[in-house]
Amino acid sequence: MPAPILRLALPSPLRRLFDYRAPPGVPIAALQPGMRLRVPFGRREVVGVLVEVSGHSEVPADKLKAALELLDPRPPLPASLLRLCRWTAHYYQHSLGDTFGWALPALLRQGEPAERRQERWWQLAEGARPDDPRLARAPRQREALQALAQHPHGVPQAVLGKLQLNKASLDLLQAKGLLRSEVRDHAPRERHGGWLLQAELPLNDEQREAVEAVRAGLGGFNAFLLAGVTGSGKTEVYLQLIRQVLESGRQALVLIPEINLGPQTLERFTRRFNARIALLHSGVGDRERLDAWLAARDGEADIVIGTRSALFTPLKHPGLIIVDEEHDASYKQQEGLRYHARDLAVVRARQEEIPILLGSATPSLESLHNAHTGRYALLQLRQRAGHARPPRFLRLDVKSRPLDAGISPPLQQAIGRTLAAGQQVLVFLNRRGFAPTLLCHDCGWIAQCPRCDARMTLHQRQRELRCHHCGHAERQPTACPQCARVDLRPVGAGTERTEERLATLFPDYPVLRIDRDSTARKDALPRLLAIIRRGEPCLLVGTQMLAKGHHFPRVTLVAILDADGGLFSADFRASERMAQLIVQVAGRAGRAEEPGTVILQTHLADHPLLVQLAEQGYLAFAAQALEERRAAGLPPFAHLALLRAEAHRPGQAEGFLEQAGDEAQHLLDALPLSGIEVLGPVPAPMERRAGRHRAQLLLQATSRAPLHRLLGPWLAALERLPGARTVRWSLDVDPIDLY
Ligand code: ADP
Ligand code: ZN
Ligand code: ZN
C-alpha cells in the first residue's frame, strides 16, 4: 500500500491543493486537518494548511516532496473555521490557500506558534494603600500606586507606558510588598457582579419586540433584519441581546464598518459589560490580532468586535452574530478574495446554527428583498428612541440658481438663520479637495490624469493636482501646459473650497472640515469631534465620513449640496447608495430635543425616487427602487459574476475576455445550463486606470445555482487560456461595483 499523501492549501493563486509526503519522523496518525506545515514550494519555503490526508496522488511518487516540518501539535484552526474557509473559497472561486491568507492572522500565516503571548501583569498587593506611610517621601511611588489602584484587575506590562508608570517605581513598590506582579496569558474577568456594569435602558415597545423575537430564536439558525431609523436605539437592542447571549455562556461576534470604529462605539460596549472584549480592526497590530483570535477561539473573549475580516474569527461557544450598518459597502472586499462579510456572516450563522441580526437605518435592497421573501424576519424600529424627533426633508430646486462654491442663496440664508439661533449646521459634499478639476479659460485645457481616464482634483492648500483613482500627484501649474497663458480656473466645488467660502460668508463662526485629508493625522478627528460636542454654533463641512456613527445633537440643519449624482450614474446601485448616504447624513441632525431640517439641493426636484425618499422615507424609496430592479432584471432579482481584465496594451484585455466569453458559451451549451447571459466584453467605465487598459465581461443569471455550476469549470478553462498569464484578470462573484 502506498504511503498516505498530505494535501495542503498553499499561499498561491492556483485553485488547487498540493501533495506532499509527511515530514520525516512524523507519523501520519499525528496529522489532522487544520494543522500547519512548512513545505518547499518552488524555490521558497511556505506555510501550508493541511486539508486532508489522502490514499493516493496524481503526482508520481518520485516527484513527491516531503514536508519539512509540522508546526502545530494541535490544529490551530477549528473545524468550523476550516469549513467556512472552504465554503468561501468555493463560492468566490478563489484559491483555498489564498483564502486562508485573507482569513487568518498574519502571524499564523507566517508560521508563528498558535500560542498566546505571556505577559506580566501588575496589581496592588492585598491590603496595600496609596497612603501607606512608607510612601510619605516617595511621591513618584505614591502616584504609581494611586494609578494602579484604579485598575483592580491589574495592568499588563505593555500598558505601563501609556499610564506613565515607570518600571523602577514599580520594582521599589514590589520590594516593599505593596505591589505584586504575575505572568498571565489573558485578561481576567471579574466573575462576581454579573455581566452588567451599567443599568440597561427600559426598552420601548418596538425595541422590546425586536429583542424578544431574536431571543426566541437563540439556539438555532435564524436571520433577522433590524430596520430601524437613525437614532431608534438599534445599539441598545444589540446590547440587551448580547447580555442574554453572555448569560447563556456563549460568545457574540459584532461586525461594524471600518469607519464606525470610533471610540464612541467601543465605549458603549465597555461601559455596559463586565466582559472580555476582543477588538479586531485594521489598526490592531499583528501580535494583538493573534492574541485576540486565540482568545476568541478558546472561549476567553466574550465579545468580538471587528471590521470585515473579523468575520473569520473562530468562536468556541458561538451564540449570536450582529452585523451593524449591514448596507455598508466596506463589508465587501474589493481586492484579492472579493468576499462580502455580511453575506458570509449569514452563511456562518447557518453553519454554526446560531441567529444573525443585520441592522441598518438604510438596509441594502438585497437584505430587504430577503426579508420580503421570508428568508429574513423583518424587525422595525420606526421611531427615534427617547424624545428625539425625526428630521424634516426639503427639496431645494437649484435649477438656474447661481451656486457659490456649491451653495445657493436660499441655503445660505437658512444657514445664517440656524447659526444665529445658536445651533450647528452640517454641510455635506461627497468630494474632497478644492475643486474637481482645473480648467484653462483660454484654450479649454483640463487637468487630466496622465495614467487614468479621469480628471485630477485640485488640492489648493498643498498646491497639488491629485488623481483620486491612482494616487498620481503633480504640482499645481501656474500657467496652462497647453497654451502657456495663466487664466487657470478651478471648476466646481470640493470640501476645501466650500469650507473656504463658508468661512468668508460666516466669519463669526468656526468652520470645521471633516474628510480624509483633514483627518489624516491620528488625533485630528477626535479633536474636531470634541469641538463640535462643546455645542457652540459652528459649521461642519465634510464627506461621507460625517455620515456614519457620530451623534451631533446640536446640529439642526443638514445641507446636502448635491443630491443628483446618484440619479445620473451608469451604475445601477448609484441611486441606492445616494439614498443611503442622504438618510445617514440626515440622521445626524436633531437627535436631541431640537428637531432637524434637511435641505437637499437638486436639479431634479421632481425625480420620483427623490420625492419618495424625502416624503415617505427610506423604506418607501427602497420599495420603488426594488420594483425598478425587478423590471430591469437586476440584482437582487438576478445574480452577477464579473470578470475583469486589464493589460498594458490596448485591446489585450478585450482579446482575453473575447476568448473567455467563448469558453462560457461552450460550457453553457455543453453542460447545458439555461438562464445565463454572457454580456460583453466591454471597456470598463474608466477604460484606462493607473496606466492599464481595462475591460470586463458580465455573466448575468436568473438564478444562482446554474451560475455557480458554470463558474468552476469556466475558471478552470480560463486558467488554460493563452492570455491567462499575460493579462491581469479576476473574477468578482456578486460584484457591488461594475467597474
Ligand atoms: P441607533 O443605533 O439606532 O442609531 P442608538 O442605539 O445610538 O440608535 O440610540 C440613539 C440614542 O437613543 C442613544 O443616545 C441611546 O442611548 C438612546 N436610547 C436608545 N434606546 C433608548 C430607550 N429605550 N430609552 C431612552 N433612550 C434610548
Ligand atoms: Zn490653455
Ligand atoms: Zn490616475
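Ligands are counted one by one from 1 in listed order, and the atoms in each one are counted from 1 as well. These figures come from a predicted structure and were not determined experimentally.
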Engineer: Can a side-chain donor-acceptor contact be found between Thr230 and Gln584 if the only test is distance below 3.5 angstrom?
Structural biologist: no
Engineer: Can a donor-acceptor pair be found, under 3.5 Å and without considering hydrogens, that links the side chain of Glu464 to the backbone of Arg466?
Structural biologist: no
Engineer: What is the number of protein N, O or S atoms that sit under 2.8 Å away from the Zn ion (ligand 3)?
Structural biologist: 4
Engineer: Considering the heavy atoms of Thr235, write down every atom of ligand 1 situated less than 4.0 Å from one of them.
Structural biologist: 2 (O), 6 (O), 7 (O)
Engineer: Do Leu203 and ligand 1 have an N or O pair less than 3.5 Å apart?
Structural biologist: no
Engineer: Less than 3.5 Å between some nitrogen or oxygen of Lys234 and one of ligand 1, yes or no?
Structural biologist: yes
Engineer: Tell me, please, which residues at least two apart from His369 pass ring pair (Phe, Tyr, Trp, His ring centres under 6.0 Å).
Structural biologist: Phe637
Engineer: With respect to atom 19 (C) of ligand 1, which of Pro202, Ala385, Gly587, Ser360 exhibits the smallest heavy-atom separation?
Structural biologist: Ala385
Engineer: Considering residues at least two apart in sequence or located in another chain, which fulfil the side-chain hydrogen bond (donor to acceptor under 3.5 Å, both in side chains) criterion with Arg728?
Structural biologist: Glu646
Engineer: For Leu201, which part has a heavy atom under 4.0 Å from ligand 1: side chain, backbone, both, or neither?
Structural biologist: side chain
Engineer: Using 4.0 Å as the upper bound for N to carboxylate O, is an ion pair formed by Glu247 and Arg243?
Structural biologist: yes
Engineer: Please confirm whether the backbone N or O of Pro363 pairs with a side-chain atom of Tyr618, one donor and one acceptor, at under 3.5 Å?
Structural biologist: yes
Engineer: Within the distance-only criterion (no hydrogens, no angle test), does the side chain of Arg497 pair as donor or acceptor with the backbone N or O of Gly492 below 3.5 angstrom?
Structural biologist: yes
Engineer: With 2.8 Å as the threshold, which protein atoms of type N, O or S lie near the Zn ion (ligand 2)? Leave waters out.
Structural biologist: Cys440 SG, Cys443 SG, Cys480 SG, Cys483 SG
Engineer: Are Asp737 and Arg577 ion-paired here, with the side-chain N under 4.0 Å from a carboxylate O?
Structural biologist: yes
Engineer: Do Glu236 and Arg272 meet the salt-bridge criterion of a basic N to acidic O distance under 4.0 Å?
Structural biologist: yes
Engineer: I'd like to know if the side chain of Arg342 reaches the main chain of Glu326, judged simply by a donor and an acceptor atom lying under 3.5 Å from each other, with no hydrogens or angles considered.
Structural biologist: yes
Engineer: What do we get for Arg384 next to ligand 1 when only non-hydrogen atoms under 4.0 Å count, side chain, backbone, both or neither?
Structural biologist: neither
Engineer: Taking atom types as modelled and ignoring hydrogens, do the side chains of Thr362 and Gln580 form a donor-acceptor contact shorter than 3.5 angstrom?
Structural biologist: no
Engineer: When you measure from the side chain of Gln244 to the backbone N and O of Leu241, does any donor-acceptor pair fall under 3.5 Å?
Structural biologist: no
Engineer: Taking Ser360 for its side chain and His327 for its backbone only, find out whether a donor-acceptor pair lies under 3.5 Å.
Structural biologist: no
Engineer: Is it true that His551 lies under 4.0 Å from ligand 1, counting heavy atoms only?
Structural biologist: yes
Engineer: Would you check if the side chain of Arg338 reaches a backbone N or O of Lys332 as a donor-acceptor pair within less than 3.5 Å?
Structural biologist: no
Engineer: Taking Tyr331 for its side chain and Leu255 for its backbone only, find out whether a donor-acceptor pair lies under 3.5 Å.
Structural biologist: yes
Engineer: Decide whether the shortest distance between a heavy atom of Gly228 and an atom of ligand 1 is less than 4.0 Å.
Structural biologist: no
Engineer: Out of Glu236, Gln584, Arg268, Glu325, whose heavy atom sits nearest atom 7 (O) of ligand 1?
Structural biologist: Arg268
Engineer: Find all atoms of ligand 1 within a distance of less than 4.0 Å from any non-hydrogen atom belonging to Asn204, and give their numbers and elements.
Structural biologist: 23 (N)
Engineer: How does Arg208 reach ligand 1, by side chain, by backbone, by both or by neither, if only non-hydrogen atoms under 4.0 Å count?
Structural biologist: neither
